[in-house]
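This is a predicted model, so every value here is computed, not measured. Below, each value reflects all heavy atoms present in this structure, side chains not excepted, and no hydrogens, waters or symmetry copies. Start at 1 and go down the list; that is how both ligands and their atoms are numbered.
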Amino acid sequence: MKPPLKKVDFLVIGGGVAGLRVAIELAPKGSVLVLTKDKLTESSTEYAQGGVAVALSDEDEVSIHYEDTIKAGDGLCREKAVRILVEEGPGLIRELISWGAAFDREGSKLSFTMEAAHSRKRILHSRGDATGREIERVLIKKARSFPSISRYDFANTLDLIVQDGRCIGASVLRGDSVINIFAKAVILATGGAGQVYSRTTNPMIATGDGIAIAHRAGALLVDMEFIQFHPTTLYSPAAPQFLLSEAMRGEGAVLRNIDGKKFMPEYHEMAELAPRDAVTRAILSEMIKTKAKHVYLDLTHMDKDFIKRRFPRIYSTCLQYNIDITEEMVPVSPAAHYIMGGVYTTIDGETNIRGLFAAGEVACTGVHGANRLASNSLLEGLVYGARTGRKASEYVQGGNAEIPHDVPNGCAQNGTMSDIDIEKTRSSLRQLMWERVGIIRCQDSLSVAKKWLGGKDMIMDMPFNDRRGFELKNMMTVAALIAESALLRRGSVGAHFRSDYRERGENWQKHTACQKDRAADWID
Ligand code: FAD
Ligand code: SIN
């Protein structure tokens, strides 16, 4: 049976900050369909805590935000992309405020906080630690005001449809049926891939679908080895892997090992506010030294009312698991948090495939280099979401983007292969990635991962028509790309740390690149 068809002008895959900002930009230009894999609010954006970095305070300057971002990126940021982020960021935030975003204030003035590797207080936050939820709320409200924007929730994009080198749509699993949706331009905004690791801050939707889908379609992927591990997630067998925002250290929380000793000053001059990769490795080193599975985040010296007011969501979540963060130290350990690499795009969101654009965490403009500066990601979603929307609309208006009359049937899926234990394989994969392709890697560990993945590579080509199945296929693909890029980079830069190559290594200023049917290689 032929899959049913649907045609729209713009297909936006993802409903987090990037996807919604793209959709809002496109709304006046034609019909826009936004797809989300789960309910609309299930995204990393919704869970973002610390805030959004923007040079808007009286003590700050765009040029200082630029310098801090470049420094955190450890020599691998694309400078133009950073300049755009910091220069266009303030306007996009003012716009968001004009749409109703309520950022916390001190009196009538916006309140800015500190986070690691920022040299100024420049993080705007909302309801203390619920910044992402506020941004998502405002963008959803704005998107709803455009009749041209429609939405399919629980619509799992399986693959892109590419004809004659041009992306013309996607095949999507909705309920039990696969539908082919055709569009003049397709925008990927599917977020990150943290679920590839057994310890992660990311929600369940973050299985790297967009990266894998783009890879299968022939898109160029870059810098896949750069995975950011957040230093502080709740470590308790009874509790979920819940993030404890870096803003807590920004407000004065300190790290202690299980013997109660402060250790960060021994590792970095910026102590608790050192870049994320440095704090993560320091924690790991203390965990190994003390043979413990965690360290502690200590807020007990801070004012209790301030903590409850400033971090209400974290306070109440920890309390659910019988941890009163105002009274006792919180057990924490690192977890996979963000992928700096992804689908290569220009500063306008164009990929190497005509008609295919990407924005947000799935994309790699090079803005974060080898290590993202805290709270730059929500800003990236806004800035590059808007830019990508503008470029996609220009592309469509420029002609040559019409949907062909003889659209293909697409790739109706043939059914889940029953001889694979999806849950068991998924769990083994996530453990393998954590142990072998995690915070510290080396030739041996990466080779073990590569061999394991190679032994199961048939899964990456299997047709699945259920969410867990196609997620596994995508996670395997993304894992293999991370491992391959990490093997290629024989050196340590930013978040990529090789115990066998502690120096920067040959080619360190180049970017790794992966494309279907080609070995990973270097590009400038
Ligand atoms: P997301 O917000 O993750 O949205 C992805 C969308 O794609 C979802 O709608 C999902 O349903 C959809 N999707 C995925 N796959 C498919 C598919 N196959 N088919 C259809 N739809 C699909 N950054 C900051 O700047 N500041 C912070 O304070 C901050 N805190 C964070 C806290 C946590 C716990 C986490 C996990 C991240 C945090 N980050 C923070 C990072 C930031 O939140 C994310 O990088 C950013 O929100 C990503 O936005 P996005 O729009 O690219 O993706
Ligand atoms: C946090 O609140 O610590 C997360 C901030 C970020 O990932 O940018």
Side-chain angles (χ1 to χ4, degrees), residues 11-22 34-54 72 113 115-118 123-126 129-133 135-136 139 151-160 170-174 188-195 200-213 228 230-233 240-250 276 279 311 313-314 335-340 342 358-363 368 372-382 384-385 467 470-471 474:
L11 178 63
V12 179
I13 308 175
V17 58
L20 291 174
R21 192 58 192 79
V22 170
V34 177
L35 304 181
T36 66
K37 182 158 115 173
D38 208 285
K39 60 181 183 187
L40 176 60
T41 49
E42 196 57 21
S43 62
S44 289
T45 302
E46 177 74 13
Y47 295 102
Q49 294 180 353
V52 52
V54 64
T113 195
E115 276 183 4
H118 288 271
I123 321 297
L124 283 179
H125 42 92
S126 179
D129 53 7
T131 315
R133 182 175 288 179
I135 291 180
E136 185 79 2
L139 292 176
R151 230 176 63 217
Y152 285 173
D153 295 344
F154 298 95
N156 296 275
T157 308
L158 301 172
D159 268 306
L160 297 168
S171 61
V172 176
L173 179 69
R174 244 191 128 199
L188 277 177
T190 46
Q195 285 294 327
T200 183
T201 62
N202 286 194
M204 293 299 281
I205 55 106
T207 50
D209 293 354
I211 295 174
I213 288 167
Q228 183 170 76
H230 197 290
T232 55
T233 51
Q241 295 170 18
F242 179 71
L243 181 77
L244 278 98
S245 175
E246 197 154 275
M248 299 178 106
R249 276 174 283 130
R276 239 171 229 186
V279 180
F311 303 109
R313 203 174 175 188
I314 299 174
H337 184 58
Y338 186 87
I339 180 158
M340 270 71 72
E361 192 168 338
V362 69
H368 306 303
R372 175 176 65 95
L373 183 66
S375 289
N376 263 356
S377 178
L378 293 171
L379 191 68
E380 175 194 23
L382 294 170
Y384 283 97
R467 175 164 162 180
F470 83 75
E471 282 183 348
N474 291 338

| Tyr338 side chain reached by Arg276 side chain, heavy atoms, under 4.5 Å | no

re atom 14 (C) of ligand 1, the protein heavy-atom contact at minimum distance is Thr190 O, 3.4 Å

Report task. Return yes when His337 approaches ligand 1 closer than 4.0 angstrom through a heavy atom, no otherwise. Result -> yes

shortest atom 53 (O) of ligand 1-to-protein heavy-atom contact is with Gly191 CA, 3.2 Å

min-distance protein heavy atom vs atom 12 (C) of ligand 1 -> Gly14 CA, 3.6 Å

Between Ser44 and Asn202 the two heavy atoms that sit nearest each other are OG-CG, 4.5 Å

Counting only nitrogen or oxygen atoms and a 3.5 angstrom limit, does Thr201 reach ligand 1?
no

- Query: So does Arg133 pair up with Glu136, basic N to acidic O under 4.0 Å?
  - Reply: no

Legend entry - Heavy atom of Val52, distance to ligand 1 below 4.0 Å: no

Side-chain touch Met204/Asp38, heavy atoms, less than 4.5 angstrom: no

Has ligand 1 got any nitrogen or oxygen that is less than 3.5 angstrom from a nitrogen or oxygen of Gly51? yes

among protein heavy atoms, the one nearest atom 3 (O) of ligand 1 is Ser44 N, 3.0 Å

When rounded to the nearest 0.5 Å, the distance separating CD of Gln49 from CG of Leu244 is 7.0 Å

Run the contact test for Ala206 against ligand 1 with a 4.0 Å cut-off on heavy atoms, strictly below, and give the result.
no

Ligand 1 contact by Arg372, heavy-atom criterion under 4.0 angstrom: yes

By side chain to side chain contact (heavy atoms under 4.5 Å, CB included), Ala53 pairs with (sequence neighbours left out) His65, His118, Arg122, Ile123, Ser375, Asn376

Note: ligand 1 atoms sitting under 4.0 Å from heavy atoms of Gly360 are 52 (O)

Separation between CG (Leu35) and CG (Leu40), nearest 0.5 Å, reads 11.5 Å

Any donor-acceptor N or O pair under 3.5 Å, side chains His337, Thr201
yes

So the atoms of ligand 1 within less than 4.0 Å of a heavy atom of Leu243 turn out to be 32 (C), 33 (C), 34 (C)

Interatomic distance, CZ@Phe242 vs OG1@Thr232, rounded to 0.5 Å, equals 10.5 Å

So CG of Asp153 and NZ of Lys37: to nearest 0.5 Å the spacing works out to 13.5 Å

The answer for which part of Leu20 has a heavy atom under 4.0 Å from ligand 1 is neither

Distance col, row Leu20:CG vs Ile135:CD1, nearest 0.5 angstrom, shows 11.5 Å

Near Gly50 (heavy-atom distance under 4.0 Å), the atoms of ligand 1 are 28 (O)

Thr131 and Val52 have their tightest heavy-atom pair at CG2-N, 4.2 Å

Report task. Answer yes or no: is there an ion pair linking Arg467 with Asp209, defined by an N-O contact shorter than 4.0 Å? Result -> no

The option among Asn474, Val12, Thr36, Thr157 carrying the non-hydrogen atom nearest to atom 19 (N) of ligand 1 is Thr157

Per-atom filter on ligand 1: closer than 4.0 angstrom to a heavy atom of Ala189 are 5 (C), 6 (C), 7 (O)

Atom 40 (C) of ligand 1 has as its nearest protein heavy atom Ala48 CB, 3.9 Å

Between Ala359 and Val22 the two heavy atoms that sit nearest each other are CB-CG2, 4.2 Å

>> Taking Arg372 first and then Glu380, would you say they form a salt bridge - that is, a charged N and a carboxylate O separated by under 4.0 Å?
In response: no

Honestly, for Glu46 the part within reach of ligand 1 (heavy atoms, under 4.0 Å) is neither

Atom 21 (N) of ligand 1: closest protein heavy atom, distance to 0.1 Å, is Lys37 N, 3.2 Å

Ligand 1 to Asn202, heavy atom cutoff 4.0 Å, flagged ligand atoms 36 (C)

Residue, atom and distance of the protein heavy atom nearest atom 46 (C) of ligand 1 read Ser377 OG, 3.7 Å

Problem - From CA spacing to verdict: side-chain contact (heavy atoms from CB on, under 4.5 Å), Asn156, Phe470 - result: CA-CA 9 Å; Asn156 296 275; Phe470 83 75; 3.2 Å; yes

Any side-chain heavy-atom pair of Arg249 and Pro231 under 4.5 Å = yes

Non-hydrogen atoms of Thr131 versus ligand 1: any pair closer than 4.0 Å?
no

Please report whether ligand 1 has a polar contact with Tyr338, defined as an N or O pair separated by less than 3.5 Å (distance criterion only). no

Closest to atom 18 (N) of ligand 1 among protein heavy atoms sits Asp209 OD2, 2.8 Å

Taking every heavy atom of Ser245 against every heavy atom of Gly50, the minimum-distance pair comes out as OG-CA, 3.3 Å

Smallest heavy-atom separation, Arg174 atom then Ala155 atom, equals CG-CB, 3.9 Å

So do the side chains of Pro203 and Ser43 get within less than 4.5 Å of each other, counting heavy atoms only? no

Closest non-hydrogen atoms of Ala170 and Ile13, given as atom of the first, atom of the second and distance, are CB-CD1, 4.3 Å

With respect to Val17, determine whether any N or O atom, backbone or side chain, lies less than 3.5 Å from an N or O atom of ligand 1.
yes

To atom 50 (P) of ligand 1, the nearest of Thr41, Ile205, Thr45 on a heavy-atom basis is Thr45

N/O of Gln49 under 3.5 Å from N/O of ligand 1, yes or no? yes

Output for pair (Glu361 CD, Tyr384 OH), nearest 0.5 Å, gives 15.5 Å

Applying a strict 4.0 Å limit to heavy atoms, is Gly210 in contact with ligand 1?
no

Quiz item: Out of curiosity, is Ile13 lining ligand 1, as in a heavy atom under 4.0 Å away?
Solution: yes

In ligand 1, the atoms that come under 4.0 Å of a heavy atom of Leu378 are 23 (N), 24 (C), 25 (O), 26 (N), 47 (O)

Within 4.0 Å of some non-hydrogen atom of Gly15, the atoms of ligand 1 are 6 (C), 8 (C), 9 (O)

Should Leu11 and Thr157 count as side-chain neighbours, where that means a heavy-atom distance under 4.5 Å? no

message: I'd like to know if Ala155 contacts ligand 1, where contact means a heavy-atom distance under 4.0 Å to any ligand atom.
response: yes

**Prompt:** Heavy atom of Gly381 under 4.0 Å from ligand 1?
**Reply:** no

At a 4.0 angstrom heavy-atom cut-off, ligand 2 is contacted by Gln49, Gly50, His230, Leu243, Ser245, Glu246, Arg276, His337, Arg372, Ala374, Ser375

So the atoms of ligand 1 within less than 4.0 Å of a heavy atom of Leu35 turn out to be 21 (N)

